[in-house]
Amino acid sequence: MDQVKATTAFVANSSSHVVVDSAGIEKAVENIQGKIPKIEWDFEGIHYFDNGPLTVQYLFVLDTLNFCFWPDKKLSYDDLASGLKEALENDKSVFDADHLQKFTGLQLRNLLKWPRPLPLEDERIRLLHEVGFELERSFGGKASNLVQSCGRSAAKLVATIASFRDHSVYKGHQIFLYKRAQIFAADLYGAFKGQGYGEFNDISSITIFADYIVPAMLWKLGVLKYSSALASIIESNKEIASGSEEEVELRACSIYAVEKMRDLISVKLGKQVLSVELDLWLWAYGVQNPSLPHHRTLSIYY
Ligand SMILES: Nc1nc2c(c(CN[C@H]3C=C[C@H](O)[C@@H]3O)cn2[C@@H]2O[C@H](COP(=O)(O)O)[C@@H](O)[C@H]2O)c(=O)[nH]1
């Protein structure tokens with residue numbers, strides 16, 4: 001994902017609200033002491049897994065909907081994953097491409113057993129329809145065919161589903177962040193343990209997935225520093241507009257900072273680590289620390 005790495009580096013070098021702190025990176029890497037805590041994919045025990053194509057369909061639907069939970073104080077990513085899992089266990093055809101194209105908001109809510117409208121529910125439905133349509137049109141209805149068409153390249157997979165168009169224009173430059181597209185590749189890699197549908201020759205090209213948890217964790221570690229104006233917006237839970245300089249900097253600087261951490265780990269500790277591993281570690285700690293303040297943006301990307 002050279003595009004993601006190059007354009008987020010541009011943001012980190014031009015930023016006004018967020019600073020990637022080299023001393024913070026050095027300290028964080030020193031503290032790791034060569035032992036990045038190994039977090040298992042599905043450490044939460046919430047995901048569907050049958051080692052076959054239906055798991056790929058599940059992960060594709062999951063990552064189609066993997067954004068914006070915070071506006072509902074009770075809703076979390078876990079509710080989405082476990083709701084989709086249960087629905088699939090009850091009806092193996094629930095995520096067939098023709099069904100995806102017909103979903104209504106009420107059906108999705110019922111399927112997740114959620115008593116009120118989901119945040120950005122109309123967008124969630126629009127995306128399900130779009131994904132169902134594209135799967136049927138180009139991949140015989142199956143996400144597993146889409147994955148196979150990419151010949152074990154995570155970068156090609158991300159490019160193919162760049163319909164999860166996650167990019168912004170920042171100071172006149174187009175910036176690529178591709179959170180849900182990259183996390184789909186990482187979910188396959190994690191769920192299938194790097195084998196079968198999860199085998200990629202270029203998994204090291206994937207960056208972290210810039211959501212609202214990882215930046216908060218990097219800030220807590222001292223790797224990211226905020227301007228005082230931005231710090232007070234985040235602390236007071238004030239919304240930050242999607243595509244604003246602040247929002248792009250938070251996400252892009254997170255990606256850049258973790259790539260720098262990888263470089264430093266390689267130089268100092270002689271270890272090659274994947275961004276996927278660093279992401280899961282940072283995310284798992286962040287998500288288990290609900291008092292950690294995070295930025296709030298209404299977004300279909302994360
Ligand atoms: N960077 C990054 N962000 C991730 C994930 C995951 C889940 N990945 C699965 C992979 C292995 C594990 O077993 C996980 O189950 C979700 N998110 C994001 O978090 C936010 C939800 O937070 P809250 O509202 O508190 O539930 C929301 O933006 C969501 O998109 C990740 O791995 N990395």
Side-chain angles (χ1 to χ4, degrees), residues 1 4 8 36-49 55-56 58-85 112 114 118-120 123-124 127 158 164 166 177-194 198 203 206-221 223-224 237 240 242 247 250-259 261 274-302:
M1 283 286 91
V4 176
T8 55
I36 295 142
K38 176 120 186 75
I39 313 281
E40 289 291 320
W41 190 84
D42 199 17
F43 64 93
E44 314 99 309
I46 53 174
H47 290 293
Y48 179 87
F49 186 73
T55 300
V56 182
Y58 158 78
L59 291 174
F60 197 49
V61 172
L62 174 70
D63 286 326
T64 299
L65 301 173
N66 185 359
F67 58 87
C68 201
F69 303 93
W70 59 267
D72 185 319
K73 285 205 168 56
K74 295 224 164 107
L75 183 71
S76 73
Y77 171 80
D78 287 18
D79 298 305
L80 174 69
S82 50
L84 297 180
K85 174 186 183 189
L112 298 176
W114 203 248
L118 298 158
L120 302 178
E123 284 298 294
R124 291 187 142 89
L127 289 163
V158 173
F164 288 0
D166 178 6
L177 301 152
Y178 290 151
K179 184 242 173 187
R180 290 194 286 113
Q182 295 203 84
I183 213 172
F184 176 56
D187 278 339
L188 289 164
Y189 176 78
F192 290 92
K193 300 198 178 351
I203 193 69
I206 296 286
T207 69
I208 58 139
F209 323 116
D211 66 342
Y212 48 85
I213 304 285
V214 170
M217 232 356 242
L218 290 172
W219 170 80
K220 188 171 184 242
L221 288 173
V223 168
L224 294 186
N237 289 340
I240 297 180
S242 176
E247 192 232 9
L250 281 162
R251 300 185 70 206
C253 289
S254 298
I255 293 177
Y256 177 80
V258 175
E259 292 307 310
M261 281 175 81
L274 299 173
S275 295
V276 175
E277 296 168 312
L278 289 171
D279 178 89
L280 194 51
W281 163 56
L282 293 164
W283 185 79
Y285 277 87
V287 89
Q288 287 169 50
N289 187 350
S291 61
L292 199 60
H294 68 71
H295 77 279
R296 284 158 207 265
T297 296
L298 270 183
S299 171
I300 63 160
Y301 299 136
Y302 63 98

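Only heavy atoms go into these numbers, but all of them, side chains included; no hydrogens, no water, no symmetry mates. Start at 1 and go down the list; that is how both ligands and their atoms are numbered.
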Asker: Quick check: does Asp42 get an N/O under 3.5 Å from an N/O on ligand 1?
Answerer: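 N/O-N/O distance under 3.5 Å: yes.
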
Asker: Less than 3.5 Å between some nitrogen or oxygen of Ser76 and one of ligand 1, yes or no?
Answerer: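 No, there is no polar N/O contact under 3.5 Å.
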
Asker: Check contact between Ile208 and ligand 1, using heavy atoms of the residue and a distance below 4.0 angstrom.
Answerer: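 Outside the 4.0 Å threshold, so no.
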
Asker: Nearest to atom 32 (O) of ligand 1, what protein heavy atom do you find, and at what distance?
Answerer: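 Answer, as residue, atom name and distance: Asp279 OD2, 3.6 Å.
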
Asker: Where is the nearest protein heavy atom to atom 14 (C) of ligand 1: which residue, which atom, and how far?
Answerer: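 Minimum-distance protein heavy atom for atom 14 (C) of ligand 1 reads Glu44 OE2, 3.2 Å.
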
Asker: Under a heavy-atom criterion of less than 4.0 Å, does His47 contact ligand 1?
Answerer: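 Per 4.0 Å heavy-atom rule, His47 contacts ligand 1.
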
Asker: Taking distance alone, with no angle check, do Trp41 and ligand 1 share an N/O pair under 3.5 Å?
Answerer: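 For ligand 1, there is no N or O atom that lies under 3.5 Å from one belonging to Trp41.
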
Asker: When only distance counts, is Phe209 in polar contact with ligand 1, meaning an N/O pair under 3.5 Å?
Answerer: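 Yes - when backbone and side-chain N and O of Phe209 are compared with those of ligand 1, one distance drops under 3.5 Å.
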
Asker: Just going by heavy-atom distances, which of Tyr301, Tyr302, Tyr189, Trp283 is nearest to atom 4 (C) of ligand 1?
Answerer: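 Comparing heavy atoms across Tyr301, Tyr302, Tyr189, Trp283, the nearest one to atom 4 (C) of ligand 1 lies in Trp283.
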
Asker: By side-chain contact (heavy atoms from CB on, under 4.5 Å), which residues pair with Tyr301, not counting sequence neighbours?
Answerer: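 Here the qualifying residues are Asp166, Arg251, Ser299.
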
Asker: Looking only at protein heavy atoms, identify the closest one to atom 24 (O) of ligand 1 and say how far it is in Å.
Answerer: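 So the nearest neighbour among protein heavy atoms is Tyr212 OH, 2.8 Å.
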
Asker: Quick one: look up the protein heavy atom nearest atom 25 (O) of ligand 1 and list residue, atom name and how far away it is.
Answerer: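 Nearest neighbour among protein heavy atoms for atom 25 (O) of ligand 1, to 0.1 Å: Val287 CG2, 3.6 Å.
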
Asker: Determine whether the aromatic ring centres of residues His294 and Phe69 are separated by less than 6.0 angstrom.
Answerer: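 No: the rings miss the under 6.0 Å criterion.
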
